[in-house]
Amino acid sequence: MTIKKTWWKEAIGYQIYPASFKDSNHDGLGDLNGICEKLEYLKDLGIDFIWITPIYASPNVDNGYDISNYQEISEIFGTMADFDLLLAQAHAKGIKVIMDLVINHTSDQHRWFIESRKSKENYYRDYYIWEDGRVDGPPNNWTSIFGGSAWELDQETNQYYLHVFAKEQPDLNWENPKVQHELFTMIQWWLDKGIDGFRVDAISHIKKLPFSNNIVDNPLEAYTNAPGIDVYLKALRDVVKKEDILTVGKANGVSAHDALEWVGEEGYFNMLFEFEHISLWSTGEEQGIDVLKLKRALTNWQETLNQKGWNALYMENHDIPRSVSTFGSDQVVFWRSSAKALALTFMLLQGTPFIYQGQEIGMTNMPFHSIHEINAVDTKNFYRNMVNTGVTPERALDLVRKSARDNARTPMQWDSSKYAGFSTHKPWLVVNPNKSYINVQDELADPDSILNFYKEIIRLRKAHETLIYGSYRLFLKDHPQLFAYQRKLGNDRFVIIVNLSCDFATVDLPSNIKFEEWELILNNLDDGPLQQHTLFVPYEARVYRKKTA
Ligand code: NOJ
């Protein structure tokens, strides 16, 4: 069976976190015109579409994920005219534009919520989820993903409203057909503008369990992939899933098996951001990753969706620390090779690769010195809760430093100047001091840079359909250091072998594999040839192609 070909399967995506990408108006915050300035850079990198995290009107409690007007651009990023210009300029360069769609919740400053909280009789009351409390507090024991109860008491009507995220992000009531109608009309409005797709935020949370369920083990259970969600998702699918439109759902709590219903021909989206491999990120004291678990997680998704769906491939986003720091190594000796090894590991799997801004130059975690340098609402909550329960501020900072989302949100490092070429004004978030050697300008000029390696991988993927549509097969399943897999289409075969550890690794090829028949296509370190018994140095990564007879 052959896989149906579409543009979004062949494309390379790039995630832009606009506040930290490029500041064009010198206020220390990135903006839409800043993105326009860098389209040529993205084109040169080989990017086919950008996903921009929310740029809508917002009080910015959760950096744009708290929307107060879906059809307005936040003044910190520009105007609707700036957006139209960006869309036109991106399209003129052959770059498509994917918007973030945040429809599990709004801001508490959205007109609907301002009305909703006014009285129980208000027309907008049922746009959100309101409940009476119990004698001793909230309606049940559900907790928010950002810490604390998921219910907030509103004095005005003495009822609680539900918020899966911050209390300033009340959850929309999808049970109400009027809510669905409003959201779907808004979605159509953006599609009519000519955008090319949506990354759909927090979509596995739109259905909740009955409120009589007190949660015992997993707090997410109350509102994640709850039975009956399919009804809402089908309604959404009929609006967003159109020929040529890319849809990617952020589906926390959806297993590979469940995903078969979510993606594929009849599915709700084209692809999903799965959470299985990302949950292996070591945010504790230790460095590195359990390679066996990583292979198991990624292989599970590759095999389960094979021929039936499609994968979104990613190693980073704005919610998780930098991959090279948590998954590879940011020590100078291994930084370059491990960033390249990670790139090869994920970019040539079957699926659509998403690169997160700065990943292509190997940006690392930030050595935060104080909680005041951190902006993310969840991190500040966790820190405060720890300090309130007696943890020393130093220890609390140590605990949040490695897991803070702001590690990935520091300004993009364009050059080595004071504010990394991101702005001429002091940026909203601290600049990583390693801009002195990790920056676009230097890496463009260095043929051996991480940036140029990304370009090579992208060129390679685009030149061979096998690396896009070919089947996936894991080799060396039980090897604790090497991730080795094959991509095959007809007789064309590639093998990718990556040492994901900071130790030497050896491999004995099975006797039916004749190393003379394989040609080295791409590697990150100039080390020995492939032999029946081969040594891989730390973070060495190679791509081979079977020679044609
Ligand atoms: C997921 C987004 O990626 C994250 O940044 C945000 O805080 C939550 N959804 C809430 O919208």
Side-chain angles (χ1 to χ4, degrees), residues 13-21 30 50-70 74 77 98-110 113 128-129 143-148 150 152 161-172 174 183 198-206 208 219-220 222-225 247-254 269 271-275 278-279 281 283 312 314-323 354 356-357 359 374-382 400 403-410 428-429:
Y14 188 93
Q15 183 192 347
I16 293 185
Y17 196 70
S20 294
F21 190 60
I50 50 176
W51 147 34
I52 313 175
T53 61
I55 47 173
Y56 314 96
S58 163
N60 282 313
V61 169
D62 185 21
N63 283 8
Y65 281 96
D66 47 324
I67 297 173
S68 54
N69 188 333
Y70 286 104
S74 166
F77 295 130
I98 309 299
M99 299 294 277
D100 217 306
L101 186 62
V102 189
I103 49 180
N104 174 68
H105 48 270
T106 67
S107 158
D108 62 353
Q109 299 307 306
H110 194 291
F113 191 73
Y128 296 86
I129 301 167
T143 51
S144 144
I145 292 179
F146 285 176
E152 181 72 11
Y161 65 86
L162 185 75
H163 59 93
V164 165
F165 295 96
K167 66 177 178 1
E168 296 85 355
Q169 294 168 296
D171 278 48
L172 284 162
W174 274 72
L183 294 176
F198 292 108
R199 174 269 190 187
V200 191
D201 183 61
I203 197 64
S204 54
H205 304 312
I206 58 176
K208 296 21 171 183
L220 286 180
Y223 42 69
T224 304
N225 201 11
T247 55
V248 51
K250 172 180 184 279
N252 194 0
V254 179
F269 304 109
M271 52 188 125
L272 289 184
F273 286 126
E274 49 85 14
F275 273 60
I278 249 23
S279 66
W281 253 223
T283 48
Y314 73 109
M315 284 276 165
E316 289 190 16
N317 62 37
H318 62 293
D319 287 332
I320 46 178
R322 290 288 184 180
S323 63
F354 287 72
Y356 175 66
Q357 68 183 44
Q359 178 181 348
I374 291 180
N375 168 279
V377 56
D378 58 326
T379 313
K380 288 197 291 201
N381 283 351
F382 294 134
V400 295
S403 59
R405 302 196 282 178
D406 283 356
N407 278 304
R409 298 178 179 185
T410 59
W428 71 285
L429 199 62

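Only this structure's heavy atoms are used, side chains among them; waters, hydrogens and symmetry mates stay out. In each ligand, atom 1 is the first atom listed, and ligand 1 is the first ligand listed.
- When ring centroids are compared, His105 and Tyr65 stay outside the 6.0 Å threshold.
- By the ring pair (Phe, Tyr, Trp, His ring centres under 6.0 Å) test, His205 pairs with Phe165, Tyr223, sequence neighbours left out.
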Give the intermediate values and the outcome of side chain to side chain donor-acceptor pair (under 3.5 Å) for residues Tyr70 and Thr106.
CA-CA 9 Å; Tyr70 286 104; Thr106 67; 5.7 Å; no
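- Two rings, from Tyr356 and Tyr314, have their centers 6.0 Å or more apart.
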Give every pair formed by an N or O atom of ligand 1 and a protein N or O atom closer than 3.5 Å, one pair per line with both atom names and the distance to 0.1 Å, or write none.
residue	atom	partner	partner atom	Å
ligand 1	3 (O)	Arg199	NH2	3.1
ligand 1	3 (O)	His318	NE2	2.9
ligand 1	3 (O)	Asp319	OD2	2.4
ligand 1	5 (O)	His318	NE2	2.9
ligand 1	5 (O)	Asp319	OD1	2.7
ligand 1	5 (O)	Asp319	OD2	3.4
ligand 1	5 (O)	Arg405	NH1	3.1
ligand 1	7 (O)	Asp62	OD1	3.2
ligand 1	7 (O)	Asp62	OD2	2.5
ligand 1	7 (O)	Arg405	NH1	2.9
ligand 1	9 (N)	Asp201	OD1	2.8
ligand 1	9 (N)	Asp201	OD2	3.2
ligand 1	11 (O)	His105	NE2	2.9
ligand 1	11 (O)	Asp201	OD2	2.9

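- A 4.5 Å side-chain heavy-atom check between Arg405 and Val400 finds every atom pair outside the cut-off.
- Counting all heavy atoms, side chain and backbone alike, Val102 lies closest to Pro54 at CG2-CG, 3.9 Å.
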